[in-house]
There are 2 protein chains.
Amino acid sequence: MISITKADGKAEFKLIHLLRSRSTEVDKRVTSAVTEIIENIKAHGDQAVRDYTVKFDGQCPDVFEVSREEINDALTDADPVFVDALLNAQANIAEFHTRQKQQSFMDAKPNGVIMGQRIRGLKRVGLYVPGGTAAYPSSVLMNAVPAKIAGVEELIMVTPPMKNGKANPDILTAAAIAGVDRIFLVGGAQAIAALAFGTASIPKVDKIVGPGNIYVATAKKQLYGTVDIDMIAGPSEILILADSTANPKFLAADMMSQAEHDKLASAILLTTEESIAQQTITELNLQVATLARKEIILESLKNFGAVIVCRSTDEMVDLANLLAPEHLEVMLENPMEYVGKLDNAGSVFLGKYSPEPLGDYYAGPNHVLPTSGTARFFSPLSVDSFIKKTSFIYYTEDALRDAHDDIVHIASKEGLTAHANSIQVRF
Amino acid sequence: MISITKADGKAEFKLIHLLRSRSTEVDKRVTSAVTEIIENIKAHGDQAVRDYTVKFDGQCPDVFEVSREEINDALTDADPVFVDALLNAQANIAEFHTRQKQQSFMDAKPNGVIMGQRIRGLKRVGLYVPGGTAAYPSSVLMNAVPAKIAGVEELIMVTPPMKNGKANPDILTAAAIAGVDRIFLVGGAQAIAALAFGTASIPKVDKIVGPGNIYVATAKKQLYGTVDIDMIAGPSEILILADSTANPKFLAADMMSQAEHDKLASAILLTTEESIAQQTITELNLQVATLARKEIILESLKNFGAVIVCRSTDEMVDLANLLAPEHLEVMLENPMEYVGKLDNAGSVFLGKYSPEPLGDYYAGPNHVLPTSGTARFFSPLSVDSFIKKTSFIYYTEDALRDAHDDIVHIASKEGLTAHANSIQVRF
């Protein structure tokens with residue numbers, strides 16, 4: 001399965017190289033297929049959406065929009081235990097994200113000058129939800145809840161129809177709980193293009209969020225600028241730091257919870273203890289046998305899994321900061337001590353009882369996180385992802401007169417005499 | 001120069017089309033030239049930077065980095081009136097941007113659960129400053145001041161050498177005032193690539209900001225993901241709303257302060273008063289004669305300028321929200337009344353004595369603003385542009401036990417048994 005590597009300066013370098021190698025180039029055929037879809041949707045609107053839906057999903061609903069009745073029915077008919085679990089998760093997500101909300105500010109000075117920054121939710125946001133086995137209700141909550149807290153007026157969900165031509169009822173249930181405003185049964189690059197340009201039946205949005213396959217991701221990338229997008233997510237990853245206080249059973253379970261996502265997912269354990277390394281590998285072999293996605297787990301562990309014995313805790317911390325992982329578990333004695341030291345990570349899970357799936361579903365922080373080392377400069381999805389800011393300036397005649405000479409001087413230095421003129425003409 | 005158009009539903013449509021038509025496709029030759037430069041810098045580092053600098057700038061300094069002495073000398077030798085103007089501008093910019101600073105938060109619950117969001121400045125940021133006539137000291141302040149307030153540890157400026165092989169002293173002066181940490185005499189796509197990958201002499205950064213020509217902009221776009229970037233700025237624009245209380249002299253001056261930027265810049269006046277429209281055109285003709293960049297102004301006004309007579313103030317507001325301009329001047333009676341109504345704009349200038357150049361240089365809000373209608377979803381450059389967020393979660397054994405059933409239920413619904421296992425294995 002996985003062999004144990006010793007940190008020696010070279011092994012770490014190889015590891016970084018291995019992880020980065022997962023972000024593969026997009027096939028040119030995908031790129032040009034998506035470009036063609038986008039152009040057709042732009043030119044032919046609903047008719048093109050209809051044609052592509054028949055082509056890719058086998059059939060097309062008469063009306064794209066899912067009725068309010070169908071959404072309400074999904075919620076009413078859902079298993080109450082499932083609904084309760086989602087409601088509890090939603091409450092936690094809402095509580096955490098409400099703390100992220102920024103206020104507009106205004107600076108009204110004694111001389112009459114008023115300046116400020118107005119913060120407002122985006123008007124209309126599109127949320128893509130994949131079909132098939134990747135139709136995750138948790139993903140609906142993690143995208144929709146912060147959007148509504150930000151004040152997004154209209155949240156439009158798109159999702160491909162199931163084989164029976166209907167929407168996935170679990171997705172409808174999550175959407176009803178999260179407050180999604182309208183739902184359209186359209187998927188793929190055609191759904192992204194329809195949201196970006198608007199069609200007769202599908203509204204034009206300001207931003208598109210949510211995960212999707214390579215066609216969806218490529219369409220989002222190509223349409224960035226026409227609309228805003230969340231991020232281009234790469235393959236998922238977990239890094240775990242463990243000392244002698246860690247429990248190998250937990251380490252193995254957490255590595256596999258990441259590895260089961262897909263064959264490109266990466267799970268890496270750094271530990272100061274060779275015995276912990278060995279016991280974790282034993283546990284991996286034991287536990288994997290019981291899991292539904294055993295094949296995927298074994299393949300991703302083989303290709304992108306690693307267990308590395310480090311010479312010190314400092315070495316583990318340095319390596320974590322270099323790797324900038326999406327998920328970072330700290331299974332060290334006194335885990336809170338590391339909140340400040342770990343510079344780059346999407347989300348940090350501290351201690352024995354904070355496994356990564358707790359964050360995926362439930363605790364409150366977002367599970368849409370920067371991957372592939374981009375936590376160096378990107379941040380988790382948040383309320384800030386759904387706002388726009390506008391500055392405003394009101395100056396009085398006296399205040400502008402006081403600023404006159406400075407502005408004219410800088411403008412002249414820059415050779416912009418029309419800039420200077422616009423101040424001078426007022427006095 | 002400009003003729004008067006009457007709003008009639010069609011004229012507005014044409015106007016939007018005209019503005020959007022400015023965002024032209026990048027020539028394929030530029031794209032592939034930039035790709036080649038990036039690949040060469042990645043493969044050959046400093047040597048490639050050196051070769052391109054000789055090729056594009058005519059010569060290459062022996063050492064790329066500008067010495068601390070040279071930077072200090074620039075500040076000492078600068079005109080004290082200029083230094084004072086920059087210091088006043090810097091103080092205003094710093095005061096405004098300090099208000100944008102978000103705090104890390106922590107939620108420590110009575111049951112021992114701790115969750116939070118840590119906010120930290122990016123470690124290293126690159127700031128591009130163009131050479132030649134577009135070497136603007138104000139641009140150094142607007143990019144560098146928020147970066148330092150955000151807590152960026154090291155701010156690296158790159159700028160092409162002047163014809164004499166030296167750095168532009170005005171740029172050095174502004175950099176010294178703004179607290180730029182290191183300066184390298186390199187320009188073009190090669191500078192962007194050097195910052196993205198790092199070379200023996202130029203440090204690798206996490207984000208690159210600052211304006212540049214089409215090669216610089218294309219390199220930033222291509223390297224997005226390897227590093228973060230600020231935004232892809234399109235041509236600049238101003239929209240002015242005026243009623244009978246507006247002064248045509250001011251309107252004309254402000255239109256031209258935008259039009260002088262470049263031939264693709266757009267200046268549009270909406271007014272309810274035909275007489276204001278006529279007088280503004282008279283003033284444009286009068287004032288333009290005195291301005292250094294007369295040719296540019298005349299060409300941009302001819303191609304992308306417009307004066308439109310609207311039927312009501314509401315119509316002007318609706319059109320402003322549709323156009324989502326970078327700069328929006330409100331020359332209406334009771335201008336503050338419109339702070340809430342104007343939904344989409346980068347920066348709003350309220351009243352007679354708040355001309356756009358006041359914001360470009362001095363008042364405090366940032367002058368790096370979303371262009372070409374992207375204020376619908378993008379925001380001005382801010383302290384938020386220079387931070388990264390990390391979530392953290394610490395759960396106790398009891399808290400996880402309480403959450404156990406909900407998490408396992410959702411994970412099972414999603415078919416992710418390894419996610420469920422990572423909770424179950426702990427109990």
In terms of heavy-atom proximity below 4.5 Å to chain A, should [X] be classed as side chain, backbone, both, or neither?
| X | value |
| --- | --- |
| Val205(B) | backbone |
| Met255(B) | neither |
| Asp79(B) | side chain |
| Gln117(B) | both |
| Thr226(B) | backbone |
| Leu358(B) | both |
| Ile114(B) | side chain |

Can you tell me how far [atom2] of [Y] sits from [atom1] of [X], rounded to the nearest 0.5 angstrom?
| X | Y | atom1 | atom2 | answer |
| --- | --- | --- | --- | --- |
| Ser422(A) | Glu356(B) | OG | CD | 7.5 Å |
| Ser257(B) | Ile238(B) | OG | CD1 | 5.0 Å |
| Thr417(B) | Gln424(B) | OG1 | CD | 9.0 Å |
| Asn344(B) | Asn321(B) | CG | CG | 5.5 Å |

Contact part of [X] toward chain B, heavy-atom cut-off under 4.5 Å: side chain, backbone, both or neither?
| X | result |
| --- | --- |
| Asp343(A) | both |
| Ala252(A) | neither |
| Gln103(A) | neither |
| Asp170(A) | side chain |
| Arg118(A) | side chain |
| Glu95(A) | side chain |
| Arg120(A) | side chain |
| Ser412(A) | neither |
| Asp360(A) | side chain |
| Thr396(A) | backbone |
| Lys249(A) | both |
| Leu328(A) | neither |
| Lys109(A) | side chain |
| Glu414(A) | both |

Relative to chain A, which of [options] shows the most heavy atom pairs under 4.5 Å?
| options | result |
| --- | --- |
| Asp398(B), Ile387(B), Leu122(B) | Leu122(B) |
| Gln287(B), Gln258(B), Met256(B) | Gln287(B) |
| Asn247(B), Ile119(B), Val227(B) | Val227(B) |
| Thr374(B), Val330(B), Ile423(B), Val339(B) | Val339(B) |
| Ala89(B), Pro365(B), Gly415(B) | Pro365(B) |
| Tyr394(B), Phe386(B), Phe82(B) | Phe82(B) |

Worksheet item: How about Phe392(A) and Phe105(A): are their ring centres within less than 6.0 Å of each other?
Response: no

Worksheet item: At their closest point, which heavy atom of Ile296(B) faces which heavy atom of Ala259(B), and how far apart are they?
Response: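 The pair with the smallest heavy-atom distance is CG2-O, 3.6 Å.
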
Worksheet item: Closest heavy-atom contact between Asn366(A) and Leu369(A)?
Response: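 For Asn366(A) and Leu369(A), the tightest heavy-atom pair comes out as O-CD2, 3.5 Å.
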
Discussion item. Using salt bridge (Lys or Arg N to Asp or Glu O under 4.0 Å), reason through Asp384(A) and Lys101(A) one step at a time and then give a plain yes or no.
Written reply: CA-CA 7 Å; Asp384(A) 284 349; Lys101(A) 204 170 171 176; over 6 Å; no

Practice prompt. List the steps, then state whether ring-ring contact (aromatic ring centres under 6.0 Å, His included) holds for Phe378(A) with Tyr224(B).
Written response: CA-CA 11 Å; Phe378(A) 288 150; Tyr224(B) 177 59; 5.8 Å; yes

Best-contacting candidate, [options], against chain B by heavy atom pairs under 4.5 angstrom:
| options | answer |
| --- | --- |
| Lys352(A), His409(A), His261(A) | His409(A) |
| Ala292(A), Gly359(A), Ala411(A), Ala403(A) | Ala411(A) |
| Pro355(A), Ala253(A), Gly351(A), Ser347(A) | Pro355(A) |
| Leu291(A), Leu416(A), Asp254(A) | Leu416(A) |
| Pro370(A), Ala399(A), Gly340(A), Gly364(A) | Gly340(A) |
| Leu342(A), Leu86(A), Val125(A) | Leu342(A) |

Any donor and acceptor pair, going by atom type alone, linking the side chain of [X] with main-chain N or O of [Y] inside 3.5 Å?
| X | Y | answer |
| --- | --- | --- |
| Glu260(B) | Arg293(B) | no |
| Ser138(B) | Tyr361(B) | no |
| Thr371(B) | Gly234(B) | yes |
| Asp206(B) | Phe377(A) | no |
| Ser354(B) | Phe349(B) | no |
| Gln100(B) | Val383(B) | yes |
| Asp107(B) | Met115(B) | no |

Discussion item. Restricting to side-chain contact (heavy atoms from CB on, under 4.5 Å), what partner residues turn up for Ser139(A), sequence neighbours left out?
Written reply: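 Applying side-chain contact (heavy atoms from CB on, under 4.5 Å) to Ser139(A) gives Tyr136(A), Asn143(A), Pro211(A), His367(A).
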
Worksheet item: Heavy-atom distance under 4.5 Å between the side chains of Pro137(B) and Thr173(B), does that happen here?
Response: no

Worksheet item: Cation-pi between Arg401(A) and Phe427(A): NZ/CZ under 6.0 Å from ring centre and within 45° of the ring axis?
Response: no

